[in-house]
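Here's the structure, in structure tokens; my notes come after.
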Protein chains: 2
Amino acid sequence: MNSLDQFPKSRADVVSMLRDSGITPTHQRIKIGEVLFSCKQHLSAEQVLVAVNQEDEEVSKATVYNTLGVFAQHGLISEVIVDPSKVFYDSNLSKHHHLYYSDTGELEDLTDESVEISKLPELPNDLQIEDVDVIIRVHRN
Amino acid sequence: MNSLDQFPKSRADVVSMLRDSGITPTHQRIKIGEVLFSCKQHLSAEQVLVAVNQEDEEVSKATVYNTLGVFAQHGLISEVIVDPSKVFYDSNLSKHHHLYYSDTGELEDLTDESVEISKLPELPNDLQIEDVDVIIRVHRN
DNA sequence: TTGGGTGCAAACTATTTGCATTCGA
DNA sequence: TCGAATGCAAATAGTTTGCACCCAA
């Protein structure tokens, strides 16, 4: 396991990640990367915007959306679609599933091993499976 | 199996369903119910709006959203959250999963038997599981 | 009759887009 | 330098809300 598989990442690691993915490492993208890749987490675009501009006003809303889109396209983060009102961006790159608290909107990771799918349907072979998402929706009593 | 478990449903069946759920069967709700419960399908709010007003302008957009919310709360339909841009309402009440074509936005049912989950994580017992969603995201070659 | 249901328009929120400006390589 | 990236503001889309009116029971 090399340093790029670990959290948290230094600024230099973020720059490497971006370069490795063919993404030009600009100030804004690096800043956003530092926020996202500091630990495994789920953030909405709005949360990223706030976190990134904590100290100074550095990144615009449009750029946050843009950048999240670029990162997702390159597989650096994944979109988690569980809440009808917004998309979460997940910096946990390992295979895993989600536990969603529908009352509070919280999202938690479930390790890949904690869920086992023993059977999937046969699909026409012109179909590529991108992902098999398992979402357990729960609420507190 | 009684008639209410089957598709398509007559106007009278829709009225019964609504009454059984404690929902006042108004003109608009019945109309929306007739559209939704005519067969197993996935419709967005927009599609319901169009279908309902096919012949005459009968139901407003706000009422469609309202009514879909009421139906979902009472378990007559379920919300399917797979597309970041909109919610689908599913009139298929039997347990099942979904196949989502991320390129076209199409949504297909997978029968419950076609997917088998052999292991779920242990959850604190103050948590109620509402649902376990499996979504297979695919795209064509 | 009368309180819940509806229609409408306006408000809101998340996200996208167009275009002039700026900046990384 | 120079094309790619950014910022901004305005546009868009889906959804929600407030309120006066209406109708099912």
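Order of the sequence lines sets the chain letters (A, B, ...), proteins ahead of strands, with each chain counted from 1.
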Figure out the [atom1]/[atom2] separation between [X] and [N], and round it to whole Å.
X: E58(A); N: dG7(D); atom1: CD; atom2: C1'; answer: 14 Å
X: K31(B); N: dG7(C); atom1: NZ; atom2: C1'; answer: 17 Å
X: I30(B); N: dT6(C); atom1: CD1; atom2: C1'; answer: 14 Å
X: I81(A); N: dT15(C); atom1: CD1; atom2: P; answer: 10 Å
X: Q73(A); N: dA5(D); atom1: CD; atom2: P; answer: 11 Å
X: N53(A); N: dT6(D); atom1: CG; atom2: P; answer: 13 Å
X: I23(B); N: dT6(C); atom1: CD1; atom2: P; answer: 10 Å
X: L68(B); N: dG5(C); atom1: CG; atom2: P; answer: 15 Å

Heavy-atom protein contacts under 4.0 Å, nucleotides 13-25 of chain D, coded B base, S sugar-phosphate only, - none = -SBBB------SS

Please list each protein N or O that sits under 3.5 Å from an N or O in nucleotides 10-12 of chain C, with the distance.
none

Taking only the side-chain nitrogens and oxygens of [X], find out if one of them lies under 4.0 Å from OP1 or OP2 of [N].
X: Q28(B); N: dG7(C); result: yes
X: T63(A); N: dT6(D); result: no
X: R29(A); N: dG24(C); result: no

H42(A)-N92(A) side chain donor-acceptor pair, cut-off 3.5 Å |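 Per modelled atom types, H42(A) and N92(A) side chains form no pair under 3.5 Å.
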
Just checking, is any N or O donor in the side chain of E130(B) or S102(A) under 3.5 Å from an acceptor N or O on the other one?
->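 Yes - a donor-acceptor pair under 3.5 Å links their side chains.
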
Counting distance only, does the side-chain N/O of [X] pair as donor-acceptor with the main-chain N or O of [Y] below 3.5 Å?
X: K119(A); Y: E113(B); answer: yes
X: S78(B); Y: L93(B); answer: no
X: E108(A); Y: Y101(A); answer: no

Considering only heavy atoms from C-beta outward, does the side chain of D90(B) approach that of H96(B) to under 4.5 Å?
->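 In contact.
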
Minimal non-hydrogen separation, F7(A) against F37(A), with atom names =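 In terms of heavy atoms, the two residues are closest at CD2-O, 3.1 Å.
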
Salt-bridge present (K86(A), E46(A); N to O < 4.0 Å) |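 Salt bridge absent between K86(A) and E46(A).
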
Steps toward side chain to side chain contact (heavy atoms under 4.5 Å, CB included) verdict (L76(A), I23(A)) = CA-CA 11 Å; L76(A) 297 178; I23(A) 299 173; 3.7 Å; yes

